[in-house]
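What follows is a single structure, written as structure tokens, with notes after it.
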Amino acid sequence: MRRGRTQPSSRARSGGTSDDDAKAAASKTGMLAPLLFLAIGVVFVVSTLYQPQHTHVMPVANTVELRSLIREQNATIRALARRVAHASEQRETHAQRIDAHADRVEAALAAKLVAETELAVARADAAAARKELVEMRQRLRDNHAPLSTAPVARQTLTTKAETKCDDLFGEGLVRSYRDSKKVWCGGGSTTIECYEHVYAHNGRIGHFCRASNLLVDFSKVGGRHSTTTKPQRGPNMYHSFAPGALQAQCARTKHWSLQKAMPHAKLMLPKLEEVQSFSNDVERVQTPTYLLARDEDSENMFHSTADHLNAFLVSEVLQSDRDKWQTVLFDRMPDGPFHSLIEKTFSPKNKLKRAADYQGRKVLFEELIIHLESPAGIVFPKVAGPKGIMTCTQSSLWLGFRAAVLRGFGLLDVPPPTVPHAVLSVRRRTGGKNTGRVFADEAALTKILKEGNAMTSEVVDLGSLPFDRQIALMRRTNILIGAHGAGLMHVLFLAEEAVLLEIHPSYRLDRHFRLAARMAGKIYLPLRSTQPVTCKGTSDAVPVDAGEFRRALDAAVRLARSFDDGVAECGLSCDARVLALDSGNAKFLPPGARPLATRFPCG
């Protein structure tokens, strides 16, 4: 509020009829009135003293004196009038100064308010930008924007080969499944939606379903899982189902077609009963539940990866959050070596379950997902046909799956090795297992591996380690060497920059791990043995030419020395002067080693 003002602001004065004008006029009048009364009083006194005499003539002296008094009186009145006018002008000027100052204060306050508002907006924008930056960094840490919450934007594809690869191994495949959705059972409180994709190389159909409010009566689900040995291949790998094992408040639609269903689903879906209502003794489960019926070779890393990749693909198609899943191993196979991978990737907040854990209860699942089985897996090179497969160099699905697994084990952000670290993966026959594809001369290969300088190496039978230790070892490895075999699927989990050196027996032409290396963004280096294997029953021993192995290993190490910021351009055995160019090799250098001169010597 403005204080001590007698004059309104310029905006108020412009009106001419405001209350402020009236108050100002009244104020002026109040000041003039006493002065005017004083003047009138003087005139009255003079008039009273001067009484003209009609009977005689005033003397000249009195007349002069009176005129003098009148002149003085008039001068006094004029002086008083001037003082009144001057005082009025002074008060008006003072009021104007106060008003002008108040206007300046008001403008300053308005400017301050605007500045404070703009500052608050700027701070809010900065907070939003920081939040967006944190989210962007998290997406980068996850190696892709999480597909479980939103579809990844399709990248700009420039060639037919890139489009084909995207359709086979990337977002194109996700869209194909997503666009195929059909309601198989609907019209009630239960809905069963199914998704499919026809694989061009063999015409087989990949198929899975998601149901809402579907009841499973586990008292009608038969067959317990084994804890030691695999069941016989075929239907015995899966549970059996009595009529009414599945119950749904819906009606089958025209899209219902058991010919499209995957092997384990073909055993289960025919037992679905359409009911009008569910019994009162049902147990309700809100957690999204995934029924994972695994491949017959679930102990094999290659075949199990087919199942794991498919589960990841399903989560992408459904845009379902895997962190919230309850995964059930819905088969009769033993837990196998990849139990921890499945739990950490597809059931991180809930311990894996078996059908037996439901103890014969009737369970109403709010969301139940029936697995896409591995025969439709994208780990197989033949998915793209007999030719042209190796034009594909990466896959958003493979990379997304890789990131999900590494994040589950807490290994996503692991620094690469400072010098090449090579692991020779070997297989060894034991009394209990006549393992195949062993090296005929493991000792010779190990000796060559130890020839390297300014590098580290180890020889490991990965099958003898629990999976947690296997994947931790792979994460700090950038050269993986091994004979053709399932363990080479570990190429997925190597350091960010890495080489896979695959040794092929003379009789194998498979390209499984060449595809895996490419899909994982790793360098693939093949070596083929030309000598025949030797056999011990069903086990083969692969001979490897020492010279060929040394040259291939030299190439792998040469590549690995250039990873990250390495600058030592040499292979297995390096000149100390070359090694000295790279400060990371300091602890491997002999005393007094000096780097090559790098200044231009001419001119």
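Nothing fancy with the numbering, it's 1 onward along the sequence.
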* To do: Begin from the C-alpha positions of F467 and F409 and carry the test ring-ring contact (aromatic ring centres under 6.0 Å, His included) through to its verdict.
  => CA-CA 10 Å; F467 187 77; F409 282 93; 5.7 Å; yes
| message | Do V426 and V438 have side chains that approach each other closer than 4.5 Å (heavy atoms only, starting at C-beta)? | response | no
Ring geometry between W256 and W184 (parallel below 30°, tilted from 30 to 60°, perpendicular above 60°): tilted
L272 side chain near L214 side chain, heavy-atom distance below 4.5 Å: yes
Are any of the side-chain heavy atoms of L168 and I378 separated by less than 4.5 Å?
no
Exercise for the section: Decide yes or no for D166 and K164: does some side-chain heavy atom of the first lie under 4.5 Å from some side-chain heavy atom of the second? Expected result: no
- prompt: Are any side-chain N or O atoms of Q394 and backbone N or O atoms of G521, one a donor and one an acceptor, separated by less than 3.5 Å?
  reply: no
- request: Could you go through the salt bridge (charged side-chain N to carboxylate O under 4.0 Å, His left out) check for D307 and R294 one step at a time?
  value: CA-CA 6 Å; D307 273 324; R294 294 170 295 168; over 6 Å; no
Y358 and V216, any side-chain heavy atoms less than 4.5 Å apart
no
Stepwise, does the side chain to side chain contact (heavy atoms under 4.5 Å, CB included) test hold for H371 with L292? CA-CA 5 Å; H371 179 54; L292 176 58; 3.4 Å; yes
| said: With a 4.5 Å cut-off on side-chain heavy atoms, are P270 and L258 touching? | reply: yes
- Query: Does some side-chain heavy atom of V221 sit less than 4.5 Å from a side-chain heavy atom of F241?
  - Reply: yes
### Task
Taking only Lys NZ, Arg NE, NH1 and NH2, and the carboxylate oxygens of Asp or Glu, determine whether E496 and R475 approach each other closer than 4.0 Å.
yes
*For the residue pair W325 and Y290, categorise the inter-ring angle as parallel (less than 30°), tilted (30 to 60°) or perpendicular (more than 60°).*
parallel
When R518, E502, R514 are each screened for side chain to side chain donor-acceptor pair (under 3.5 Å) with Y524, the one that passes is E502
Going by heavy atoms in the side chains, are E196 and K182 under 4.5 Å from each other?
no
**Message:** Checking H421 against E458 for the side-chain hydrogen bond (donor to acceptor under 3.5 Å, both in side chains) test, could you report, in this order, the C-alpha distance in whole Å, the side-chain angles of both residues, the deciding distance, and whether it holds?
**Reply:** CA-CA 8 Å; H421 182 73; E458 52 192 306; 2.7 Å; yes
Distance-only, no hydrogens or angles: does the R224 side chain make a donor-acceptor pair with backbone N or O of R332 under 3.5 Å?
no
> Distance only, no hydrogens: is a donor on one side chain within 3.5 Å (strictly under) of an acceptor on the other, for D468 and S340?
Replying inline: yes
Taking every heavy atom of L352 against every heavy atom of E343, the minimum-distance pair comes out as N-OE1, 3.0 Å
Discussion item. If only side-chain N and O atoms count, and only distance matters, is there a donor-acceptor pair under 3.5 Å linking T435 with R427?
Written reply: no
In short, A498 meets A495 closest at the heavy-atom pair CB-O, 3.7 Å
